[in-house]
Peer 1: 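Below is a structure I'd like to ask you about.
When a residue number appears, it is its place in the shown sequence, counting from 1. As the structure is a computational prediction, the values presented were derived from the model and not from experiment.
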Amino acid sequence: MKRRPLYIETKIKCDFDTLWTNTQEPSIHQQWDLRFTEIEYLPKNDPTDPQKFLYSTKVGLGIKVDGIGESVATKTKDNGESTSVLKFSSDSKISLIKQGSGYWKYVPEADGIKFFTGYDYETRWGLFGKIIDKFVFRPLMIWATAWSFDCLKNWIEKGLHPKQALNAQISVLLVNLTLGIIWIYQGLIPKILFTDTGEIEILRQSGLFNGNEDNILTIIGIAEIAFGVALIFIHRKVLQYLNILGLCLLSVGAIFSDLMIFTLPFNPFSLNISMIALSIIAILNFSNLPKASNCITKQK
């Protein structure tokens, strides 16, 4: 099964020494790189020996994947271009990656440093491992590397610490997941599966649909489910603004169709204002989000 080596590129406005320190110093590197939880250099017997290091990644539920790496060469050209080449491997049976190699390259330009990496690896678990890698793991690694590169860029250029970026990412994920589930529930339960819960009566009282309330309710339910799915899988600020707009329109519609509905427990006011607040939280966090899409992920 043919595989494409991973390639990620960005440009960071800083001097060479700053970028080199932030990428080569283990205690700093592990702060911005999603792929690693801990990185530790091993002592050398001789200063000329390759630099070996241990790395680990926590995957949840107390499970940790360990590996060992070795920086086998560091080359600097007269024009300032530098390349750090490394190889890595893991003896952990739960690690999909068996062994691999790659490089980091630093190319000074007038407005900063072009920083890019290319790497590839061999997988475990035979054909199953190759399938998992192609359709799940490799795309995830491309995203995680690109996200991490943009996180590093924001840290150096804007002073936005990786912990802030990660907290913002988690906040947006939780907001989108929560709003998505609410919209899917509202579209599926009271509009499609159990249409006798008062939703049809609200449409009838509006007097706009002339006996087509059942069909209109189904269409609205499908639209709400689709919007909920979009919120879960597409993290864009515009969807949060659409969420706020849609909730405001629904609130206005409820006022004109049946004002007494606002006297019920968990009525449109209490639900909608909570969902609007969640969208505002997401919008405020978007400015702190690294974006994998800001990086180039295909080699020219």
Peer 1: Regarding N243 and S279, is there a side-chain donor-to-acceptor distance under 3.5 Å anywhere?
Peer 2: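 Side chains of N243 and S279: pair found under 3.5 Å.
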Peer 1: Look at the aromatic rings of Y106 and W104 and report parallel, tilted or perpendicular, splitting at 30° and 60°.
Peer 2: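 Ring orientation, 0 to 90° scale: perpendicular.
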Peer 1: Are L177 and L173 connected in the hydrophobic side-chain network, where two residues link if heavy atoms are under 4.5 Å apart?
Peer 2: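 Unlinked, L177 and L173 end up in two clusters.
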Peer 1: Does the side chain of C151 reach to within under 4.5 Å of the side chain of W147, using non-hydrogen atoms?
Peer 2: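 C151 reaches W147 side chain to side chain.
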Peer 1: Starting at CZ of F149, measure out to CG of N294 and round the result to the nearest 0.5 Å.
Peer 2: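 The CG atom of N294 is 13.5 Å from CZ of F149, to the nearest 0.5 Å.
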Peer 1: Would you kindly confirm whether I219 and I222 end up in one hydrophobic cluster when ILVMFWY residues are joined by side chain heavy atoms under 4.5 Å apart?
Peer 2: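 Each belongs to a different hydrophobic cluster.
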Peer 1: Testing the basics here: between F16 and G80, what is the closest heavy-atom pair and its distance to 0.1 Å?
Peer 2: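 Heavy-atom minimum between the residues: CE1-O, 4.4 Å.
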Peer 1: Ignoring hydrogens and geometry, is there a side-chain-to-backbone donor-acceptor pair from W32 to D150 under 3.5 Å?
Peer 2: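 Between the backbone of D150 and the side chain of W32 there is no qualifying donor-acceptor contact (under 3.5 Å).
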Peer 1: Any side-chain heavy atom of I184 within less than 4.5 Å of one from V229?
Peer 2: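 Side-chain contact under 4.5 Å: yes.
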Peer 1: If we ignore angles and hydrogens, is there a donor and acceptor under 3.5 Å between the side chains of N285 and Q169?
Peer 2: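 Note: N285 and Q169 side chains miss the donor-acceptor criterion.
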Peer 1: Side-chain heavy atoms under 4.5 angstrom apart, residues restricted to Ile, Leu, Val, Met, Phe, Trp, Tyr: same cluster for I281 and I276?
Peer 2: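 In one cluster: yes.
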Peer 1: Any chance the rings of Y103 and Y119 have centres within less than 6.0 Å?
Peer 2: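 Ring centroids of Y103 and Y119 are no less than 6.0 Å from each other.
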Peer 1: What is the distance from atom OG of S27 to atom CD of E40, rounded to the nearest 0.5 Å?
Peer 2: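 CD of E40 is found 11.5 Å from OG of S27.
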Peer 1: Show the nearest heavy-atom pair for residues L271 and Q186, with the distance to one decimal.
Peer 2: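 Here L271 and Q186 meet closest at CD2-NE2, 4.0 Å.
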Peer 1: Hey, is the main chain of K58 close enough, under 3.5 Å, to the side chain of T37 for a donor-acceptor pair?
Peer 2: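 Such a contact is found between T37 side chain and K58 backbone.
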Peer 1: Can you check whether Y41 reaches Q24 side chain to side chain, under 4.5 Å on heavy atoms?
Peer 2: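 The answer is yes; the side chains approach within 4.5 Å.
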Peer 1: Can you get from L6 to L140 by hopping between Ile, Leu, Val, Met, Phe, Trp and Tyr side chains that sit under 4.5 Å apart?
Peer 2: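 Different clusters: L6 never reaches L140 through Ile, Leu, Val, Met, Phe, Trp or Tyr contacts under 4.5 Å.
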Peer 1: Between F286 and H235, what is the shortest heavy-atom contact and its length?
Peer 2: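 Of all heavy-atom pairs spanning F286 and H235, the closest is CE2-O, 3.7 Å.
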Peer 1: State yes or no: do F115 and W143 share one hydrophobic cluster built from I, L, V, M, F, W and Y residues joined by side-chain heavy-atom distances below 4.5 Å, directly or via other members?
Peer 2: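 Not linked; separate clusters.
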Peer 1: Keeping the roles fixed (side chain from N22, backbone from T18), state whether a donor-acceptor pair exists under 3.5 Å.
Peer 2: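 Yes, because the side chain of N22 sits within donor-acceptor range (under 3.5 Å) of the backbone of T18.
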Peer 1: Which of parallel (below 30°), tilted (30 to 60°) and perpendicular (above 60°) describes Y7 and F116?
Peer 2: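 Ring orientation, 0 to 90° scale: tilted.
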Peer 1: For R138 and I132, indicate whether the former's side chain and the latter's backbone hold a donor-acceptor pair under 3.5 Å.
Peer 2: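 Such a contact is absent between R138 side chain and I132 backbone.
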Peer 1: Mind running side chain to side chain contact (heavy atoms under 4.5 Å, CB included) on I94 and V65 for me, showing each step along the way?
Peer 2: CA-CA 7 Å; I94 64 173; V65 176; 3.9 Å; yes
Peer 1: Return yes when atom CG of D46 has more than 12 non-hydrogen atoms of other residues, nucleotides or ligands closer than 6.0 Å, and no otherwise.
Peer 2: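 Yes, enclosed.
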Peer 1: Show your working on side chain to side chain contact (heavy atoms under 4.5 Å, CB included) between F233 and N176 and close with a plain yes or no.
Peer 2: CA-CA 8 Å; F233 293 103; N176 278 270; over 6 Å; no
Peer 1: So, the side chain of Q30 versus the backbone of I39: is there a donor-acceptor pair under 3.5 Å, distance only?
Peer 2: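 A pair under 3.5 Å: yes.
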Peer 1: Let's go through L160 and N288 carefully: what are the C-alpha distance in whole Å and the side-chain angles of both, what is the deciding distance for side chain to side chain contact (heavy atoms under 4.5 Å, CB included) to 0.1 Å, and is it a yes or a no?
Peer 2: CA-CA 7 Å; L160 182 65; N288 295 333; 3.8 Å; yes
Peer 1: Would you call D111 and K13 a salt bridge, taking side-chain N to carboxylate O under 4.0 Å as the test?
Peer 2: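 Looking at D111 and K13, the cut-off is not met.
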Peer 1: Out of curiosity, D66 CG to D91 CG, how far, rounded to the nearest 0.5 Å?
Peer 2: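 Spacing of CG (D66) from CG (D91) equals 10.0 Å.
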Peer 1: Please name the pair of heavy atoms, one in K93 and one in W125, separated by the smallest distance, quoted to 0.1 Å.
Peer 2: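 Shortest heavy-atom separation between K93 and W125 comes out as O-NE1, 3.3 Å.
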Peer 1: Would you say R124's side chain and I97's backbone share a donor-acceptor pair under 3.5 angstrom?
Peer 2: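 Yes; at least one donor-acceptor contact below 3.5 Å.
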Peer 1: What is the distance from atom CG of L19 to atom CD1 of I12, rounded to the nearest 0.5 Å?
Peer 2: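 One gets 5.0 Å once the value is rounded to the nearest 0.5 Å.
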Peer 1: Go through the structure and list residues passing side chain to side chain contact (heavy atoms under 4.5 Å, CB included) with Y241, not counting sequence neighbours.
Peer 2: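 Scan of Y241 (side chain to side chain contact (heavy atoms under 4.5 Å, CB included), adjacent residues dropped) gives K237, I283.
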Peer 1: Got a salt bridge between R35 and D33, using NZ or NE/NH1/NH2 to carboxylate O under 4.0 Å?
Peer 2: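 Yes.
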Peer 1: Donor-acceptor pair, K44 side chain versus D49 backbone, under 3.5 Å?
Peer 2: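 Confirmed, K44 side chain pairs with D49 backbone.
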Peer 1: A side-chain contact here means heavy atoms from C-beta on lying under 4.5 Å apart; do I68 and S89 qualify?
Peer 2: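 Yes, their side chains come closer than 4.5 Å.
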Peer 1: Nearest 0.5 Å please: distance from the CD1 atom of I244 over to the CG atom of L239.
Peer 2: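 Those atoms lie 11.5 Å apart.
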Peer 1: Please evaluate residues S148 and L34 with respect to the criterion side chain to side chain contact (heavy atoms under 4.5 Å, CB included), reporting the C-alpha separation (whole Å), side-chain torsions for both, the decisive distance (0.1 Å), and the verdict.
Peer 2: CA-CA 6 Å; S148 299; L34 277 181; 3.5 Å; yes
Peer 1: Compare every heavy atom of V175 with every heavy atom of L278, then report the nearest pair and how far apart it is.
Peer 2: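 So the two residues come closest at O-CG1, 3.3 Å.
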Peer 1: Do the side chains of L289 and V172 get nearer than 4.5 Å, heavy atoms only?
Peer 2: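 Yes. Closest side-chain heavy atoms under 4.5 Å.
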Peer 1: Check whether S95 reaches the backbone of S92 with its side chain - one donor and one acceptor, N or O, closer than 3.5 Å.
Peer 2: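 Between the backbone of S92 and the side chain of S95 there is no qualifying donor-acceptor contact (under 3.5 Å).
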Peer 1: Which heavy atom of F88 sits nearest a heavy atom of S101, and at what distance?
Peer 2: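 Answer, listing the atom of F88 first, then S101: CE2-N, 3.5 Å.
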Peer 1: Tell me, please, which residues at least two apart from I170 pass side chain to side chain contact (heavy atoms under 4.5 Å, CB included).
Peer 2: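 Expected list: L166, L174.
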Peer 1: Does either side chain, that of T76 or that of S82, offer a donor lying less than 3.5 Å from an acceptor on the other one?
Peer 2: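 There is such a pair between these side chains.
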Peer 1: Would you find more than 12 non-hydrogen atoms of other residues, nucleotides or ligands less than 6.0 Å from I273 atom CD1?
Peer 2: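 Counting neighbours around CD1 of I273, 12 or fewer heavy atoms of other residues, nucleotides or ligands fall under 6.0 Å, so no.
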Peer 1: Would you check if the side chain of Q240 reaches a backbone N or O of R236 as a donor-acceptor pair within less than 3.5 Å?
Peer 2: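 No; zero donor-acceptor contacts below 3.5 Å.
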Peer 1: Rounded to the nearest 0.5 Å, what separation is found between the CD1 atom of I113 and the NZ atom of K153?
Peer 2: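 Going from CD1 on I113 over to NZ on K153, the span is 11.5 Å.
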Peer 1: Can a donor-acceptor pair be found, under 3.5 Å and without considering hydrogens, that links the side chain of Q51 to the backbone of L42?
Peer 2: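 Pair found, side chain donor or acceptor close to backbone of L42.
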